[in-house]
Undergrad: 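Below you will find the structure I want to go over with you.
From a predicted model like this one, the values you see are computed outputs, not experimental measurements. So you know, we letter chains A, B, ... as the sequences are listed, proteins then strands, and number each from 1. As a basis for the values below, the full set of heavy atoms in this structure was taken, side chains included, without hydrogen atoms, waters or symmetry mates.
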Amino acid sequence: MQDIFLYNTLTRTKEKFLPLVPGKVGLYTCGPTVYNFAHIGNLRTFLFEDLLTRTLRFNGYDVQWVMNVTDVGHMTSDGDAGEDKMSVAAQRENLDPWSLARKYEDAFRFDMQRLGIHLPDVLPRATEHIEEMIRLNKTLEERGFTYETPEGLYFDTSKSSDYGKLARLRLDDQLQGARADVNVDSEKRNPQDFILWFGNKPTHIMKWDSPWGVGYPGWHIECSAMSMKYLGDTFDIHCGGNDHIPVHNTNEIAQSEAATGKTFARYWMHAAFLNLKNKENPNTKLKMSKSKGGFIQVQTLVDSGYDPIAYRYLCLQAHYRSELELAWEWLDADGKTGRADSLDTAAASLKRLYERIARAEKDNEESLSENSQFDAARIEVLNALNDDLNVPKAVGLLHTYASPRLWRAFDAVLGLDIENHAVLPAEEEAPAEIWKLVEARLEARKARDFARSDALRDEIAALGWEVADSPQGPTLKRKQ
RNA sequence: GGCGCCGUGCCCAAGUGGUAAGGGAGGGGCCUGCAAAGCCUUUAUGCAGCGGUUCGAUUCCGCUCGGCGCCUCCA
């Protein structure tokens with residue numbers, strides 16, 4: 001087995017990956033909140049996780065990938081301690097929160113599929129793990145890590161000796177309420193204490209009984225409860241967007257390690273953001289945010305004429321720890337369609353790639369026909385992937401080798417669906433009357449009557465066919 | 001105030017203490033009546049700026065400028 005090196009946020013270094021159990025990997029990744037569609041920024045992170053999983057599997061690991069589905073517990077805005085986002089969206093769409101969650105969970109699965117992202121092995125829903133969360137909170141309570149306020153049950157971060165180790169927080173220098181949209185609960189003992197259970201929420205639609213009153217779970221606890229349920233108290237890799245480092249993941253570690261006394265996740269990997277640039281107004285940064293609306297989703301790409309795989313290919317060309325800028329230009333006022341240069345480029349490049357592979361295979365051209373050459377190239381590309389998922393380098397190498405065989409081998413990781421895309425356009429037989437025009441044009445060309453030849457080309461085009469001259473004679477194909 | 005990230009050709013983007021992958025786009029060429037495709041070739045003495053360390057820095061260190069993320073429920 002080849003060595004794999006991964007950048008671990010805990011140590012801020014690339015480390016050799018050694019799983020807990022040889023040959024097996026337990027992977028947990030923070031999943032979607034399902035009160036709205038996922039946007040392509042969210043999906044960039046899931047795509048990174050897909051690439052990680054595929055790379056590990058390519059190396060022969062047996063990977064168990066768990067991703068939570070958050071279908072409860074988010075507030076309307078960060079300053080609102082009352083309603084959750086599920087309820088508000090439910091009212092907006094005239095659906096009960098449960099149906100709403102299923103609707104967007106289905107949409108999430110569909111979008112994942114459209115981007116060629118393999119679904120995780122387990123997609124546990126928060127609402128189906130309330131028991132586990134309550135049990136975990138009880139454990140924390142028994143171990144003396146909690147206290148109650150009228151708002152609910154809190155985790156006391158001062159009881160955790162190494163709180164903030166992931167983010168390397170210096171707690172004294174953290175500004176409480178640095179964000180104006182977050183209100184501060186004055187009953188908290190320490191600014192960074194976080195809620196484990198919201199009690200006293202009897203009017204809430206999604207609510208459950210608990211030792212701390214009727215209410216619903218705090219946001220962080222679901223990830224601890226579900227990851228430990230499916231992967232054990234200690235597991236190998238935990239992933240997420242890098243915005244989760246200071247708060248969400250930090251709190252996951254605090255509560256999990258407080259409850260078990262063991263290391264939670266051993267390797268932490270975080271994906272950088274996709275940033276949206278506003279083309280007309282470069283000074284205005286568009287924030288890819290679900291709660292603020294107006295974001296680009298997979299359907300937006302489709303409606304704009306892009307194959308979602310082109311977006312995947314674009315993402316493959318940037319390292320997961322680098323921010324990726326997308327200069328998106330909306331084409332219509334209601335924000336349904338748009339375009340981006342980098343996506344145009346990616347789409348064009350991908351189309352040519354498919355054609356090259358298909359043509360090379362048809363003509364039996366293989367640059368790495370010797371097995372020894374192939375094996376050496378394969379190791380080289382694999383080493384790029386195993387070096388902290390350097391997919392851009394791997395793609396560069398694949399382009400350089402230009403070997404259909406190598407492309408196909410690594411499509412198991414890249415997921416460009418070469419199998420179904422690298423096909424020459426079907427040779428559709430044109431009707432006899434079209435061929436008559438082609439014959440006539442051939443005659444005209446022989447007679448060097450190019451005016452007539454061009455007129456016939458136009459006539460053929462008007463009937464929906466494109467004629468191309470080749471050394472073997474004219475060929476016809478359907479106009480696209 | 002704190003934590004952290006980034007600045008590589010027209011665009012996107014790898015990379016390295018020893019002299020800049022790859023993808024697009026553009027230029028030139030082959031082919032071609034035209035068109036399209038294909039193929040070949042070409043484009044950074046340079047990696048924000050200024051210092052320092054070094055035989056040698058784009059790569060390490062410092063400062064400056066510029067951009068960005070997070071600091072309690074945004075991937």
Side-chain angles (χ1 to χ4, degrees), chain A residues 9 12 29-33 38-49 70 73-75 77-78 84-85 157 164 167-179 182-185 188 191-195 218-220 222 239-248 250-251 270-275 285 287-292 295 313-314 316-319 321-327 340-350 352-353 355-356 359 384 390-400 445 448-451 453-454 457 461 466-471 475 477:
Chain A
T9 306
R12 309 285 156 99
T29 66
C30 291
T33 47
H39 63 241
I40 60 174
N42 297 317
L43 289 157
R44 183 190 180 199
T45 296
F46 303 147
L47 173 55
F48 143 66
E49 291 152 358
T70 301
H74 285 235
M75 288 168 269
S77 73
D78 300 335
D84 79 19
K85 289 173 178 173
T157 52
R168 307 196 169 181
L169 300 178
R170 284 166 56 172
L171 299 180
D172 296 345
D173 288 323
Q174 291 284 97
L175 274 187
Q176 187 172 13
R179 283 166 57 183
V182 174
N183 67 353
V184 178
D185 181 353
K188 287 204 302 193
Q192 54 294 327
D193 289 354
F194 56 92
I195 202 141
W219 178 46
H220 313 297
E222 69 175 71
C239 298
N242 67 188
D243 56 317
H244 280 334
I245 297 170
V247 179
H248 178 56
T250 287
N251 292 343
H270 293 94
F273 269 35
L274 171 78
N275 290 329
K285 287 276 171 187
K287 191 167 170 167
M288 269 283 189
S289 162
K290 260 195 222 190
S291 48
K292 297 196 174 77
F295 52 85
Y313 184 62
L314 176 68
L316 297 186
Q317 290 174 302
H319 187 88
R321 283 192 285 118
S322 298
E323 290 183 350
L324 181 60
E325 303 253 326
L326 189 70
D341 285 341
S342 52
L343 260 178
D344 289 338
T345 298
S349 167
L350 185 59
R352 291 182 60 177
L353 172 64
E355 284 172 8
R356 276 179 197 158
R359 212 171 33 246
N390 196 335
V391 182
K393 185 178 177 186
V395 171
L397 286 168
L398 288 169
H399 275 291
T400 304
R445 291 185 69 214
R448 304 196 68 79
D449 183 355
F450 297 123
S453 165
D454 289 346
R457 172 189 287 285
E466 206 161 27
V467 59
D469 298 315
S470 79
T475 61
K477 68 175 184 188

Undergrad: At what distance, to the nearest 0.5 angstrom, does OG1 of A:T45 lie from CZ of A:F273?
TA: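 Going from OG1 on A:T45 over to CZ on A:F273, the span is 7.0 Å.
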Undergrad: Considering only B:rA13, B:rC68, B:rC70, which nucleotide approaches the side chain of A:P392 most closely?
TA: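 Out of B:rA13, B:rC68, B:rC70, the nucleotide with an atom closest to A:P392's side chain is B:rA13.
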Undergrad: Measure from CZ on A:R44 to C1' on B:rG69 and round the result to the nearest Å.
TA: 13 Å
Undergrad: Which part of the nucleic acid does A:N251 contact within heavy-atom distance under 4.0 Å: base, sugar-phosphate only, or nothing?
TA: nothing
Undergrad: Between A:E325 (CD) and B:rC5 (P), how many Å, whole number?
TA: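 A:E325 atom CD is separated from B:rC5 atom P by 18 Å.
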Undergrad: Within the 4.0 Å heavy-atom criterion, would you say A:H220 contacts the bases, only the backbone, or no part of the nucleic acid?
TA: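 No contact.
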Undergrad: Taking only residues two or more places apart in sequence or in another chain, which ones pass side chain to side chain contact (heavy atoms under 4.5 Å, CB included) with A:R321?
TA: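 Residues passing side chain to side chain contact (heavy atoms under 4.5 Å, CB included) with A:R321: A:Y7, A:K14, A:H319, A:D388.
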Undergrad: Watson-Crick or G-U wobble partner for B:rG17, using a 3.5 Å limit on both distances?
TA: none
Undergrad: Have a look at A:A167 and say if it touches a base, only the backbone sugar-phosphate, or nothing, with a 4.0 Å heavy-atom cut-off.
TA: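 Sugar-phosphate contact only - A:A167 comes under 4.0 Å of backbone atoms but never of a base.
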Undergrad: Kindly check if the number of other-residue, nucleotide or ligand heavy atoms within 6.0 Å of CZ (A:R12) is above 12?
TA: yes
Undergrad: Name the pairing partner of B:rC3, where a pair is Watson-Crick or G-U wobble with both distances under 3.5 Å, or state none.
TA: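 Answer to the pairing question: B:rG69, which forms a Watson-Crick or G-U pair with B:rC3.
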Undergrad: Counting the atoms with a prime plus P, OP1 and OP2 as sugar-phosphate, which does A:S342 contact under 4.0 Å by heavy atoms, base, sugar-phosphate, or nothing?
TA: nothing
Undergrad: Quick check on side chain to side chain contact (heavy atoms under 4.5 Å, CB included): which of A:L350, A:T345, A:L326 does A:L314 satisfy it with?
TA: A:L326
Undergrad: Could you state the interatomic distance from OG (A:S349) to CD (A:Q317), rounded to the nearest 0.5 Å?
TA: 5.5 Å
Undergrad: Whole Å only: how far is the CG atom of A:D243 from the P atom of B:rC71?
TA: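 It works out to 8 Å between those atoms.
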Undergrad: Any side-chain N or O of A:N390 below 4.0 angstrom from OP1/OP2 of B:rG15?
TA: yes
Undergrad: When both hydrogen-bonding distances must be under 3.5 Å and the geometry is Watson-Crick or G-U wobble, what is B:rA48 paired with, if anything?
TA: B:rU64
Undergrad: Just compare B:rA75, B:rG22, B:rC73 and give me whichever is closest to any side-chain atom of A:T33.
TA: B:rA75
Undergrad: Which residue lies toward the 5' end of RNA chain B, A:V247 or A:T400, if each is placed at its nearest nucleotide?
TA: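 With A:V247 and A:T400 compared, the 5'-side residue is A:T400.
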Undergrad: Do A:H220 and A:V247 come within less than 4.5 Å of each other through their side chains, counting heavy atoms only?
TA: yes
Undergrad: Find out whether A:L353 and A:L398 are in side-chain contact, i.e. whether some heavy atom of one side chain is under 4.5 Å from a heavy atom of the other.
TA: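 The answer is no; the side chains never approach within 4.5 Å.
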Undergrad: Whole-Å distance between B:rC12 P and A:H319 NE2?
TA: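 My rounded result for the distance is 19 Å.
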Undergrad: Quick one: A:E323 CD to B:rA14 P, roughly how many Å, whole number?
TA: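 It works out to 12 Å between those atoms.
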Undergrad: Round to the nearest Å and state the distance from A:Q317 atom CD to B:rC12 atom C1'.
TA: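 From A:Q317 CD to B:rC12 C1': 7 Å.
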Undergrad: Could you write nucleotides 25-40 of chain B as a row of B, S and -, 5' to 3', where a protein heavy atom under 4.0 Å of any base atom gives B, of only sugar-phosphate atoms gives S, and otherwise -?
TA: S-------BBB--S--
Undergrad: Can you list the residues that meet the side chain to side chain contact (heavy atoms under 4.5 Å, CB included) rule with A:A167, with sequence neighbours excluded?
TA: A:L169, A:I245, A:P246, A:T250
Undergrad: Rounded to whole Å, please give me the gap between CZ in A:R321 and C1' in B:rG69.
TA: 16 Å
Undergrad: Who is the Watson-Crick or G-U wobble partner of B:rA57, with both distances under 3.5 Å?
TA: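 Pair assignment: B:rA57 / none.
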Undergrad: Across the strands shown, which category fits A:L324 at heavy-atom distances under 4.0 angstrom: base, sugar-phosphate, nothing?
TA: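 If one applies the 4.0 Å heavy-atom cut-off, A:L324 turns out to touch the sugar-phosphate alone, with no base involved.
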Undergrad: Which of the following nucleotides, B:rA13, B:rG4, B:rG24, is nearest to the side chain of A:R12?
TA: B:rG4
Undergrad: Under 5.5 Å centre to centre and under 30° between planes: does that hold for A:F273 and the six-membered base ring of B:rA75?
TA: yes
Undergrad: Within this structure, what is the NZ-to-P distance between A:K393 and B:rA13, rounded to whole angstrom?
TA: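 Those two atoms, NZ and P, are 18 Å apart.
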Undergrad: Taking the nucleotide of RNA chain B with the nearest heavy atom to each, does A:G396 or A:C30 sit closer to the 5' end?
TA: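 Looking at the nearest nucleotide for each, A:G396 comes out on the 5' side.
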Undergrad: Enter the distance from A:R457:CZ to A:F450:CZ here, rounded to the nearest 0.5 Å.
TA: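 Nearest 0.5 Å value for the CZ-CZ distance: 12.0 Å.
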